[in-house]
Amino acid sequence: MIKKIKSDIKTSIKTRKINVFFLFLFFAFIILILTKLSKEYTNTVVFNIDKINVPQENIILNDSSAKLNITLKTHGFKWLTYYFNKPKIAIDFVKDVDKIDSTFVWSKSKAYLLASTQFGKQVELLNISPDTLRFRFDVNLVKKVPVILNDDINFSQGFDVSKPFKITPDSIKVIGPNVLVSQVHSVETEPIKLNDVKSDVNKVIQLQLPKNSKDLTFSDKTVSLTATVEKFTEGTLKLPINIKNIPNNKTINYFPKTVNVTYYTSLNNFKTISAKDFRVECDFSKTTGNQSFLLPELTKFPETVKRAKINQQHIEFIIIE
């Protein structure tokens with residue numbers, strides 16, 4: 001028992017010595033860092049350009065390469081702020097630039113930067129490269145383009161939409177340089193695929209905006225897709241055939257005198273549809289040579305009908321002398 005107590009005491013003393021050693025080592029490291037940071041260093045830093053007050057009627061083109069290489073002399077603490085925060089130089093396009101043809105030109109001295117930017121008294125500015133920046137610009141153009149639905153939508157059997165899908169907004173504004181905006185004629189939605197649809201559609205869809213469009217602004221980046229889905233059914237009507245454009249000096253006889261028309265409509269509208277809502281015509285002036293048949297066309301049908309089809313393709317006729 002006594003041996004165990006002696007062993008525990010020796011272990012405790014050794015552990016305390018190790019902890020004290022690491023504590024002194026930590027403090028020594030902190031002192032070393034503070035000593036290093038308090039010294040002055042000279043280095044060149046790349047400053048990005050923060051463009052402010054750019055006229056709304058203008059847009060800057062290809063300005064990603066506009067940077068300033070600035071050589072500074074300052075203490076280590078100040079250098080830490082440049083390493084952890086990407087440094088920027090603010091250029092005011094109302095006060096700091098000259099407009100020459102289609103270019104904004106910035107040209108300032110070291111003294112100007114020291115007086116007007118974020119460097120402060122503890123920073124010595126040694127060099128600027130380049131001392132002149134040129135920003136090409138173009139006049140903004142606003143153009144309205146239609147939104148095209150890119151869809152693959154399949155309904156459950158017996159279901160459909162009586163009215164076309166509604167896209168809101170159905171067009172968007174494209175704002176940017178004339179040379180870029182003039183190339184945009186429409187904008188498609190991201191592909192939307194729906195299967196076995198039997199209830200109303202209400203979706204928000206992303207737009208496929210042109211690639212490399214950082215110089216363009218779009219009024220909308222998404223659209224809403226809505227549609228009322230209804231139960232549909234099929235109906236058939238027997239309709240008389242109307243012949244038009246028969247020459248005054250000719251009389252014809254044709255067969256059959258009526259045709260069956262099959263139509264597809266919603267269950268709600270089915271009872272409101274009658275034969276008077278349709279018209280089937282044959283145009284005699286479209287016959288050629290010794291042709292002995294007429295082509296029936298459906299020239300009238302109600303808006304509530306999704307689609308309609310004439311079951312008879314040819315109407316036979318003879319000319320009566």
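Owing to the predicted nature of the structure, the values given are computational and were not obtained by experimental measurement.
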Problem set entry | Stepwise ring-ring contact (aromatic ring centres under 6.0 Å, His included) check, Phe278 with Tyr263 | CA-CA 10 Å; Phe278 297 81; Tyr263 61 92; 5.6 Å; yes

For this session: Given side-chain hydrogen bond (donor to acceptor under 3.5 Å, both in side chains), test Ser266 with Asn269 step by step and report yes or no.
Result: CA-CA 5 Å; Ser266 68; Asn269 293 320; 2.9 Å; yes

For this session: Take Ile241 and Leu239, measure what side-chain contact (heavy atoms from CB on, under 4.5 Å) needs, and give me the verdict at the end.
Result: CA-CA 7 Å; Ile241 299 171; Leu239 301 176; over 6 Å; no

Problem set entry | Test side-chain hydrogen bond (donor to acceptor under 3.5 Å, both in side chains) applied to Ser162 and Glu230, step by step | CA-CA 7 Å; Ser162 55; Glu230 300 181 63; 2.9 Å; yes

Problem set entry | CA sep, side-chain torsions, deciding dist, call: Lys309, Glu234, salt bridge (Lys or Arg N to Asp or Glu O under 4.0 Å) | CA-CA 11 Å; Lys309 182 181 70 171; Glu234 198 171 70; over 6 Å; no

For this session: Please test Phe317 against Phe284 for ring-ring contact (aromatic ring centres under 6.0 Å, His included), starting from the C-alpha separation and ending with a verdict.
Result: CA-CA 10 Å; Phe317 75 93; Phe284 188 84; 5.5 Å; yes

For this session: Go through Leu216 and Ile175 one step at a time and tell me if the side-chain contact (heavy atoms from CB on, under 4.5 Å) criterion holds.
Result: CA-CA 6 Å; Leu216 295 176; Ile175 307 166; over 6 Å; no

For this session: List the steps and the verdict of side-chain contact (heavy atoms from CB on, under 4.5 Å) for Asn253 and Ile318.
Result: CA-CA 5 Å; Asn253 192 11; Ile318 56 173; 4.0 Å; yes

Exercise. Can you list the steps and then say if Lys286 with Glu297 is a side-chain contact (heavy atoms from CB on, under 4.5 Å)?
Worked result: CA-CA 12 Å; Lys286 292 183 179 179; Glu297 298 178 27; 2.9 Å; yes

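In this structure a side-chain-to-backbone donor-acceptor pair under 3.5 Å is missing from Thr258 to Pro240.
Within a 6.0 Å sphere centred on NZ of Lys143, other residues, nucleotides and ligands contribute more than 12 heavy atoms. More than 12 heavy atoms of other residues, nucleotides or ligands lie within 6.0 Å of CG in Asn249, so this atom counts as buried by the packing criterion. By the 6.0 Å contact criterion, NZ on Lys306 is enclosed, its count of non-hydrogen atoms from other residues, nucleotides or ligands being greater than 12.
Nearest heavy atoms, Ala308 versus Val261: CB-CG1, 4.3 Å. Minimum heavy-atom separation, Gln157 to Lys231: O-NZ, 4.3 Å. Of all non-hydrogen atoms in Gln312 and Val259, the two that sit nearest each other are CB-CG1, 3.5 Å. Across all non-hydrogen atoms, the minimal contact from Asp277 to Thr272 is OD2-O, 3.8 Å. Of all non-hydrogen atoms in Ser285 and Asn245, the two that sit nearest each other are OG-ND2, 3.6 Å. Nearest heavy-atom pair, Asp200 versus Thr228, reported as atom, atom and distance to 0.1 Å: OD1-CA, 3.4 Å.
The hydrophobic cluster containing Val181 also contains Val145, counting ILVMFWY residues as joined when their side-chain heavy atoms lie under 4.5 angstrom apart, directly or transitively. Under a hydrophobic-cluster definition in which Ile, Leu, Val, Met, Phe, Trp and Tyr are linked whenever side-chain heavy atoms come within less than 4.5 Å, directly or via other members, Leu298 and Tyr264 are assigned to different clusters. The hydrophobic cluster containing Leu295 does not contain Ile315, counting ILVMFWY residues as joined when their side-chain heavy atoms lie under 4.5 angstrom apart, directly or transitively. The cluster map of Ile, Leu, Val, Met, Phe, Trp and Tyr, joined by side-chain heavy atoms under 4.5 Å apart, puts Ile148 and Val223 in different clusters. Cluster membership for Val142 and Ile172, using ILVMFWY side-chain heavy atoms within less than 4.5 angstrom, is not shared.
Counting heavy atoms from C-beta outward, Phe155 and Ile153 have side chains that approach closer than 4.5 Å. Between Leu294 and His314, the closest side-chain pair of non-hydrogen atoms is not below 4.5 Å. Using a 4.5 Å cut-off on side-chain heavy atoms (C-beta onward), Glu281 and Pro296 make no contact. Side-chain atoms of Phe135 and Thr103, non-hydrogen and from C-beta on, never get closer than 4.5 Å to each other. In this structure, the side chains of Ser199 and Val229 stay at 4.5 Å or more apart for every pair of heavy atoms. Between Lys203 and Val201, the closest side-chain pair of non-hydrogen atoms falls below 4.5 Å. At a threshold of 4.5 Å between non-hydrogen side-chain atoms, the residues Thr299 and Val280 do not count as touching. With contacts defined as side-chain heavy-atom distances shorter than 4.5 Å, the pair Asp196/Asn154 does not qualify.
For the atom pair CG of Asn260 and OG1 of Thr236, the computed distance is 6.5 Å after rounding to the nearest 0.5 Å. Rounded to the nearest 0.5 Å, atoms OG1 (Thr189) and CG (Leu207) are 7.0 Å apart. Annotation: the span from Ile167 atom CD1 to Ser224 atom OG amounts to 10.5 Å, rounded to 0.5 Å. The CZ atom of Phe104 lies 13.0 Å from the CZ atom of Arg136; values are rounded to the nearest 0.5 Å. Between the OG1 atom in Thr287 and the CD1 atom in Ile252 there is a gap of 8.5 Å [rounded to 0.5 Å]. Rounded to the nearest 0.5 Å, atoms CD (Glu190) and CG (Leu209) are 8.5 Å apart.
Both cation-pi conditions hold for Lys257 and Tyr254: the charged atom is under 6.0 angstrom from the six-membered ring centre and inside a 45 degree cone around its axis.
Checked against the 6.0 Å centroid threshold, Phe270 and Phe232 do not count as a close aromatic pair.
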